[in-house]
Structures are given as structure tokens and as C-alpha cells.
Amino acid sequence: MSSIQPPLSMLAPGPLERGPRADGHGAAHSRLRLAPPALQGALVALVGRDTRSLALTSAQRLSHFPASPLVAISWYRGLDAGLIGDSASGPCWRPFAAPVVISGSQSHPTVSWTPGTGRGYMACFNADAAQALFGFDLTAIQDRFVPAAELLGAQWAPLWDALLASEDDALLSVLENHLAVPWQALQGRTGAQPSLRQMGRHWVERLAWKAQQWSGVHSTRHVERRIKSFSGRSLREWQSLVRTEDLFFAARDRYEAGQPLDWAGLAQSGGFADQAHMSRATKRITGFSPGEFALRFIMDESFWMYRLWV
């Protein structure tokens with residue numbers, strides 16, 4: 001009998017395969033923590049997931065993520081991770097091949113997969129704050145996952161080393177210890193900490209303010225090019241992301257109140273032209289129609305990130 005093992009890409013599930021929620025067999029230990037006061041306006045949230053105690057199937061080790069305007073630093077302990085998609089020969093898994101990766105804003109939903117269980121973390125930043133703190137070009141990482149060591153210089157190695165070496169409860173302190181001083185030097189804060197629902201809107205409002213400033217001295221077309229060069233996409237695209245995220249919150253509120261999901265009403269109150277427009281926007285952000293997304297949000301293990309965020 002041959003001892004040669006097939007490559008992991010041959011064993012990976014398709015990105016649309018379904019696996020039931022694991023809650024009935026033990027907590028999945030998914031956790032979201034908001035930014036400490038010293039990092040408000042820069043860090044949006046710290047997300048962690050520990051699956052070591054769970055016997056997850058291949059499909060349950062998928063993770064679905066929405067299109068997003070945020071920049072994320074992700075790191076893994078005892079865990080290989082990478083993106084999964086379809087190819088002509090079947091599911092294709094592309095491992096990150098680095099313990100710490102940085103991802104830019106994502107124009108489309110993404111699906112990751114791990115061949116085993118372990119711990120993974122994601123620090124989510126407002127895009128302009130990440131650009132100011134770390135000094136990279138937002139357009140260079142848009143729709144990409146780049147090894148941190150490749151993107152940034154050795155000056156940030158102590159941060160990566162500390163994140164990889166620290167336990168869950170210390171991670172926010174690590175981020176604060178390394179980033180609070182440079183962040184405070186870059187930008188002061190006013191007002192209370194915004195909620196997750198407000199974070200994306202705040203970023204888009206700041207882009208709109210920049211566009212208004214630039215419109216006083218530049219043509220409309222020049223302003224559009226400048227916004228896209230600065231942020232990676234047009235202001236209209238950013239506004240569509242925020243409007244669709246608001247829809248998710250509104251649908252969740254109705255579900256938790258025991259009310260039916262009136263898609264036509266949600267489309268109208270959410271500022272969409274009609275229900276078809278809302279459906280197209282939802283599919284562009286998540287990869288699923290509103291009804292399919294709602295079903296998977298409630299039932300599928302791979303939608304753990306959506307349940308944490310929304």
C-alpha cells in the first residue's frame with residue numbers, strides 16, 4: 001500500500017459546502033473584543049477563534065467573511081490557514097504560508113479553510129488608520145493577503161513576535177503597548193467610542209468629507225480618481241458596503257424580536273432602489289442571496305464571523 005498522501009488541496013471542501021453549527025457539541029470559542037480607549041478610532045475590534053476542543057468536519061473548518069472596507073492583521077497558532085476557491089479541477093486551497101498576514105479591503109466575500117484545528121486571531125483596523133500607523137499603500141494590499149514580514153520592515157517584528165507568543169487575554173494589551181503611542185501622536189480622539197455599527201459609516205463619512213474638500217479645487221472626475229487612489233475604490237462603492245452592512249443589522253434586529261424578515265420593507269428602509277437591488281448588493285458582499293444568507297447565518301458553523309460581527 002502506498003504511503004503517499006494526497007495534497008491538502010485535494011482534501012479541501014468546496015467553498016459552498018455546508019456544515020452544521022458546532023454549538024451543540026461544545027463552544028467554538030469565537031470571541032470579539034472592542035478597542036481599548038487608547039486605540040479608539042484605529043482598531044475596530046479584535047476577533048479570536050479557538051477550535052482546539054472541537055472535532056470539526058472539513059466543511060465546519062470553512063470560514064466565510066464578507067466584503068469589507070477594513071484592513072486586518074491575522075495571525076495563527078498551531079494552525080495553517082489559507083483561502084479556498086473553485087478551480088477547473090475542483091476546490092483549490094491556497095495557504096498563506098506565513099504566521100502573520102495583512103489583508104486590505106476586500107471587494108468580494110472570501111472563504112478560508114484550515115486542514116486542522118487551532119487558534120486564529122484577526123485585528124481589524126480602519127483603513128486610513130492602518131495606513132497612517134504602518135505606512136503601507138492601501139491600493140497595494142486591496143483584495144490581497146500579504147505576509148506581514150514581506151509588507152513591513154523589521155521595525156514591526158517585535159509586535160508580530162509578541163502577538164504570536166501571547167495568550168488570548170493579553171492580546172489587546174500587546175496591541176495597545178505597541179500602537180497606542182504612535183496612534184496618539186498621529187491623531188487625537190473626541191467623543192465616545194463608536195459602536196461596530198457606526199465604524200464603517202464613520203470611515204465613509206470621512207472619505208466624503210475629503211471629497212468635499214477636494215471638490216473646491218478639483219473637478220468631479222479628478223476627485224473621484226483621487227478618492228480611488230487614496231482608498232482603493234470609489235466613494236459610491238464604499239457607501240454601498242456601509243448600506244449593506246446596515247441591512248444586516250436591521251435584519252438581525254427583526255429576527256431577535258421574533259418578527260418576519262420582510263425583505264421588501266427592509267430594502268425600502270435601507271435606502272435600496274427595490275428588493276432586487278438589495279438582493280444584488282447582498283450577494284456582492286456575502287456571495288449569497290438575502291434568504292440563503294439568513295438561513296446560513298442561523299444554522300451554519302462557517303458563518304461564525306458574521307454572528308460575532310452582526
Ignoring hydrogens and geometry beyond distance, is a side-chain donor-acceptor pair present between [X] and [Y] at under 3.5 Å?
{"X": "Trp113", "Y": "Ser63", "answer": "no"}
{"X": "Arg52", "Y": "Thr117", "answer": "no"}
{"X": "Asp137", "Y": "Thr139", "answer": "yes"}

Taking side-chain contact (heavy atoms from CB on, under 4.5 Å) as the criterion, tell me which of Leu133, Val71, Val44, Leu43 meets it with Asn126.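 Single pass found, and it is Val44.
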So, Phe248 versus Phe297, ring centres under 6.0 angstrom or not?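 Here the rings of Phe297 and Phe248 have centres that are no less than 6.0 Å from each other.
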Phe65 and Phe303 aromatic centres sub-6.0 Å: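 When the ring centroids of Phe65 and Phe303 are compared, they turn out to be at least 6.0 Å apart.
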Do Leu164 and Phe96 share a hydrophobic cluster, counting only Ile, Leu, Val, Met, Phe, Trp and Tyr and linking them when any side-chain heavy atoms are less than 4.5 Å apart?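 As far as the 4.5 Å side-chain criterion goes, Phe96 and Leu164 are not connected within one cluster.
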Is Trp93 reachable from Tyr76 through a run of hydrophobic residues whose side-chain heavy atoms are each under 4.5 Å from the next?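 Per the 4.5 Å side-chain linkage, Tyr76 and Trp93 are not co-clustered.
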Audit row: Leu34, Leu46, side-chain contact (heavy atoms from CB on, under 4.5 Å) steps and yes/no: CA-CA 6 Å; Leu34 298 179; Leu46 172 64; over 6 Å; no
Salt bridge Asp169-Arg31, side-chain N to carboxylate O under 4.0 Å: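 Salt bridge present between Asp169 and Arg31.
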Any salt bridge between Glu167 and Arg77, counting N to O under 4.0 Å?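 So Glu167 pairs with Arg77 through a salt bridge.
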From Glu301 CD over to Leu56 CG, what is the distance, rounded to the nearest 0.5 angstrom?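 Reported value, rounded in 0.5 Å steps: 6.0 Å.
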Give me the atom names and distance for the closest heavy-atom approach of Ala281 to Phe272.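 Shortest heavy-atom separation between Ala281 and Phe272 comes out as CB-CE2, 3.7 Å.
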Closest heavy-atom contact between Asp168 and Arg119?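 Heavy-atom minimum between the residues: OD1-NH1, 4.0 Å.
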Compare all side-chain heavy atoms of Pro95 with those of Asp80 and state whether any distance is below 4.5 angstrom.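 A side-chain contact is absent here, since even the closest heavy-atom pair is not under 4.5 Å.
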